[in-house]
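Scope of the values below: all heavy atoms of this structure, side chains included, with no hydrogens, waters or symmetry mates. What you see is a predicted model, and the numbers here were worked out from it, not measured in a lab. Both ligands and their constituent atoms are indexed starting at 1 by order of listing.
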Amino acid sequence: MQAVHFGAGNIGRGFIGALLYQSGYQTLFLDVNDTVIQELNQQREYEVTLVGTEQEIISVKNVSGINSETNPAEAIEAISNADLVTAAVGPNVLPFIAELLAEGLKIRMKSSNEPLNVIACENMINGSSILKKHVFDYLNEEEKRAAEQLIGFPNAAVDRIVPDQRNGNILGVAVEPYYEWVVEQTAIKGQRPDIEGITYVDDLNPYIERKLFTVNTGHAVPAYLGHYKNYSTINEAMDDEEIEGVLQGALQETGEVIVRQHKFDKAEHGAYIQKIINRFRNPYVSDYVTRVARGPIRKLGQNDRLIRPASLFIQLTGQEPVNLATVIAGVLLYENDQDDEARRLQEQIAEKGYEETLQSVSGLAANDPLIAAVMKQLNVMKR
Ligand SMILES: NC(=O)c1ccc[n+]([C@@H]2O[C@H](COP(=O)([O-])OP(=O)(O)OC[C@H]3O[C@@H](n4cnc5c(N)ncnc54)[C@H](O)[C@@H]3O)[C@@H](O)[C@H]2O)c1
Ligand SMILES: O=P(O)(O)OC[C@@H](O)[C@@H](O)[C@H](O)[C@H](O)CO
């Protein structure tokens with residue numbers, strides 16, 4: 001079985017590629033990083049090291065790559081012949097892979113009636129549905145009708161902490177042992193892909209919101225407050241009692257929302273929160289605050305890990321989400337010249353000020369109580 005995966009980065013190699021190999025797939029990675037593609041084609045395998053109290057090494061074999069920027073024709077052909085397409089390129093990159101994907105799907109739909117599923121494995125709500133919309137921009141009406149019949153875009157939630165690799169080994173990845181890959185089975189066309197480790201569910205919404213608003217909201221706390229306090233790694237930030245306090249508080253706030261919205265059991269959710277916090281403390285995983293804080297404009301988006309649960313918390317409880325407001329203030333204070341979005345955010349702040357910038361990137365109305373709550377915390381932090 002042949003899988004085509006967009007994005008041979010951290011999660012692509014450290015999670016999706018490993019599970020696909022263990023389930024018997026040959027995986028062809030499409031990426032624009034030529035060094036990684038060349039190395040994949042030379043080595044034809046790489047190691048994923050599960051780091052915890054004990055180490056385990058998985059040799060991921062049957063892999064190859066195509067530089068989809070310099071060699072689009074081969075990439076399109078590979079897509080047209082695939083048994084499964086997956087992607088982990090980052091939410092902002094999905095529009096840029098859509099045309100190539102659409103070209104591959106057009107060829108496939110002309111030559112075969114075999115269904116195909118495309119799974120976007122990004123930290124976002126409705127990632128595959130959003131990718132589908134971008135792909136459909138490149139199809140005519142007849143192609144869209146055929147694609148509605150044959151091409152599934154099931155949404156997914158993926159969870160495994162895969163830090164940037166700084167060990168000089170281009171392909172090898174050190175990852176935490178924990179993982180979760182939940183896929184919306186109702187949107188699948190044809191047979192469910194038989195991948196060991198996927199949990200299929202009818203309604204993904206509770207799972208993606210629980211993941212995004214616990215793991216990713218939580219992760220944002222040591223990232224932004226850690227950077228604010230001059231720590232460089234998540235582990236260092238996790239040793240700071242004040243940060244730990246905001247983390248616990250923020251996850252109580254998002255927990256209130258998740259339990260009420262999705263009827264999760266309160267005690268079970270409490271245990272889930274503590275398990276997540278322990279994952280951030282894993283001393284064997286060395287993760288930099290700048291990776292976890294990357295893309296601050298995206299992270300202040302209306303449906304992302306901070307604004308959405310904070311808004312829902314206000315709506316549902318009528319109270320101020322003091323801890324989430326503190327993290328959002330931390331995002332507004334995030335300065336990092338190496339991060340394009342952080343630079344752009346600070347440029348906007350210099351031009352329009354914090355309040356107007358927050359409104360424009362989050363889509364919140366000027367009189368939204370969350371804006372006032374964030375400004376209150378920002379003033380405390382700037383003192
Ligand atoms: N790293 C994690 O811990 C983790 C965990 C869960 C989910 N995710 C999500 O997975 C996605 C990828 O994250 P990552 O950490 O692997 O990032 P990454 O930067 O390590 O990998 C992204 C890869 O996409 C490639 N890419 C960029 N533009 C491309 C294009 N046009 N076509 C093909 N490839 C392209 C990049 O070269 C890179 O190799 C994000 O949405 C992230 O939120 C990451
Ligand atoms: O990938 P991002 O930028 O959306 O978020 C940064 C981290 O929180 C994220 O990559 C986590 O490590 C991952 O989501 C864990 O499953």
Is it true that Glu341 and Lys299 have a side-chain N and a carboxylate O under 4.0 angstrom from each other? no
Going by atom types alone, do Asp83 and Gln2 pair a side-chain donor with an acceptor below 3.5 Å? no
Sub-4.0 Å heavy-atom contact, Arg294 with ligand 1: yes
Donor-acceptor pair, side chain of Thr217 and main chain of Leu212, under 3.5 angstrom: yes
Quick one: do Lys266 and Glu256 make a salt bridge, cutoff under 4.0 Å? yes
Glu122 touching ligand 2 at heavy-atom level, < 4.0 angstrom: no
Relative to the ring of Tyr224, is the ring of Tyr334 parallel (under 30°), tilted (30 to 60°) or perpendicular (over 60°)? perpendicular
Is a side-chain N or O of Asn117 found less than 3.5 angstrom from the main chain of Leu84, in a donor-acceptor match? no
Nearest option to atom 32 (N) of ligand 1, as decided by whichever heavy atom of Ile97, Val158, Val292 sits closest: Ile97
Judging by distance only, is a nitrogen or oxygen of Arg298 under 3.5 angstrom from one on ligand 2? yes
Report the nearest protein non-hydrogen atom to atom 21 (O) of ligand 1: residue, atom name, distance rounded to 0.1 Å. Gly9 CA, 3.3 Å
Contacting atoms of ligand 2, where contact means under 4.0 angstrom from a heavy atom of Lys211: 13 (C), 14 (O), 15 (C), 16 (O)
NZ/NE/NH1/NH2 to OD/OE distance under 4.0 Å, Arg343 and Asp337: no
So between Asn33, Asp31, Ile66, whose heavy atom ends up nearest atom 36 (C) of ligand 1? Asp31
What protein heavy atom sits nearest atom 10 (O) of ligand 2, and how far away is it? Arg291 NH1, 3.0 Å
Side chain, backbone, both or neither: which applies to Pro163 and ligand 1 if a contact is any heavy-atom pair less than 4.0 Å apart? neither
Please write down residue, atom name and distance for the protein heavy atom closest to atom 12 (C) of ligand 1. Ala88 O, 3.5 Å
To the nearest 0.1 Å, how far is atom 28 (N) of ligand 1 from its closest protein heavy atom, and which atom is that? Val93 CG1, 3.4 Å
Asn123 contact mode with ligand 2 (heavy-atom cut-off under 4.0 Å): side chain
Any chance the side chains of Asp164 and Tyr288 put a donor and an acceptor closer than 3.5 Å? no
Side-chain ion pair, Lys132 and Glu148, N-O less than 4.0 Å: yes
Between Arg279, Arg305, His219, Arg294, which one has a non-hydrogen atom sitting closest to atom 5 (O) of ligand 2? Arg305
Ion pair present between Glu141 and Lys144, side-chain N to carboxylate O less than 4.0 angstrom? yes
Quick one: look up the protein heavy atom nearest atom 27 (C) of ligand 1 and list residue, atom name and how far away it is. Val32 CG2, 3.9 Å
Among all protein heavy atoms, pick the one closest to atom 16 (O) of ligand 2 and tell me residue, atom and distance. Asp159 OD1, 2.5 Å
Going by the atom numbers of ligand 1, which of them fall below 4.0 Å from some non-hydrogen atom of Arg160? 2 (C), 3 (O), 4 (C), 5 (C)
For the backbone of Ser129 and the side chain of Asn155, can you confirm whether one donor and one acceptor N or O come within less than 3.5 Å of each other? yes
Presence of salt bridge, Asp339 and Arg344, under 4.0 angstrom: no
Identify, for atom 35 (C) of ligand 1, the protein heavy atom at the shortest distance, and state residue, atom and that distance. Val89 CG1, 3.8 Å
Quick one: do the Asp202 and Thr186 side chains pair a donor with an acceptor below 3.5 Å? no
Do you see a donor-acceptor pair shorter than 3.5 Å between the side chains of Arg281 and Asn278? yes
Tell me, please: is Glu69 in heavy-atom contact with ligand 1, that is, under 4.0 Å? no
For Asn216, atoms of ligand 2 separated by under 4.0 Å from a heavy atom: 5 (O), 7 (C), 8 (O), 9 (C), 11 (C), 13 (C), 14 (O)
I'd like to check which ligand 2 atoms, numbered from 1 as shown, lie under 4.0 Å from a non-hydrogen atom of Lys299. 2 (P), 3 (O), 4 (O), 5 (O), 6 (C)
Just wondering, are more than 12 heavy atoms of other shown residues or ligands nearer than 6.0 Å to CG in Asp194? no
Would Arg210 pass as a cation-pi partner of Tyr272, given that its NZ or CZ must be under 6.0 Å from the six-membered ring centre and within 45 degrees of the axis? yes
Which part of Asp164 is near ligand 1, with near meaning a heavy atom under 4.0 Å away: side chain, backbone, both or neither? neither
Can you tell which part of Asn123 has a heavy atom less than 4.0 Å from ligand 1: side chain, backbone, both or neither? both
Do Ile11 and ligand 1 have an N or O pair less than 3.5 Å apart? yes
Considering the heavy atoms of Ile161, write down every atom of ligand 1 situated less than 4.0 Å from one of them. 3 (O)
Which segment of Asn10 sits under 4.0 Å of ligand 1 when only heavy atoms are counted: both
Heavy atoms only, cut-off 4.0 Å: how does Met124 contact ligand 2, side chain, backbone, both, or neither? neither
Are any of the N/O atoms in Val162 less than 3.5 Å from those in ligand 1? yes
Closer than 3.5 angstrom, by distance alone: can the side chain of Gln165 be matched with the main-chain N or O of Ala174 as a donor-acceptor pair? yes
Please work out which of His219, Glu122, Arg291 has its closest non-hydrogen atom nearest to atom 2 (C) of ligand 1. Arg291
Heteroatom proximity flag, Lys211 to ligand 1, N/O under 3.5 Å: no
Show me which atoms of ligand 1 lie under 4.0 Å from any heavy atom of Leu30. 33 (C), 34 (N)
